[in-house]
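Worksheet for the structure shown next.
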Amino acid sequence: KEFLVEISGTTVTITCPLAEENINWEVTGTNPKSRSSERKYVIENHASSPANVSCSSGAKKYEMYLNAKVCANCQELDAWTVTGIIAGDLLITFGVLILVYYFSKDRKGRASAAGSRPRGQKMQRPPPVPNPDYEPIRKGQREVYAGLESRGF
């Protein structure tokens, strides 16, 4: 059997696994504003400090180490609320992605006005201007290159 621990705000309620009516509680490390009623032990204004808790009745004794973090301004959310928040966040994110895609799709074909060329028929480019240092040998100009001899490798 196990202890049942319930936390609400700064109040911690511990239920002893023993079924008897006369239960003795021993708690170390808590403030004196603690009260006991039968199987349940209530710690009000818990300071989030670790505590050793034990409950006993006759020869039976159960012990546990309590390290509960509490806060005064916390809000408890059920599973459906958390699921709704996550689903809403995902829907908004996907909606923004679809809008960005839709509006950026139309802009792909457009060029900016500053460096754009006029759109018209595609004209063929003229051949590049030949470099005079690498002109082909023409008839009658062989003497210019006559002094060059092929190297033997």
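Worth knowing before you read on, the calculation uses all heavy atoms, side chains too, and leaves out hydrogens, waters and symmetry mates. Here the structure is a predicted model, which is why all the values come from computation and not from measurement. All residue numbers refer to positions in the sequence shown, counting from 1.
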Considering non-hydrogen atoms only, spot the tightest contact between M64 and I14 and give its length.
CE-CG2, 3.9 Å
Sorted by chain and number, sequence neighbours left out, side chain to side chain contact (heavy atoms under 4.5 Å, CB included) with I86 holds for V82, L90
Are the side chains of N52 and L66 in touch, meaning some heavy atoms are under 4.5 Å apart?
no
Enumerate the side chain to side chain donor-acceptor pair (under 3.5 Å) contacts for residues 78-98, please, sequence neighbours excluded, ordered by first and then second residue.
D78-T81
Write down the atom of L18, the atom of C55, and the distance for their closest heavy-atom approach.
CD1-O, 4.1 Å
Would you confirm whether R39, through its side chain, and C16, through its main-chain N or O, come within 3.5 Å as a donor-acceptor pair?
yes
What closest approach, in Å, do A51 and V27 show between heavy atoms, and which atom pair accounts for it?
CB-CG1, 4.4 Å
Does E63 have any salt bridge (charged side-chain N to carboxylate O under 4.0 Å, His left out) partners at least two apart in sequence or in another chain, and if so, which?
K61
Could you pull out all residues at least two apart from N67 that satisfy side chain to side chain contact (heavy atoms under 4.5 Å, CB included)?
P50, Y65, K69
Here the gap from H46 atom NE2 to T13 atom OG1, rounded to the nearest 0.5 Å, amounts to 11.5 Å
Between S48 and V70, is there a donor-acceptor pair closer than 3.5 Å when you use the side chain of the first and the backbone of the second?
yes
Which of parallel (below 30°), tilted (30 to 60°) and perpendicular (above 60°) describes F3 and W25?
tilted
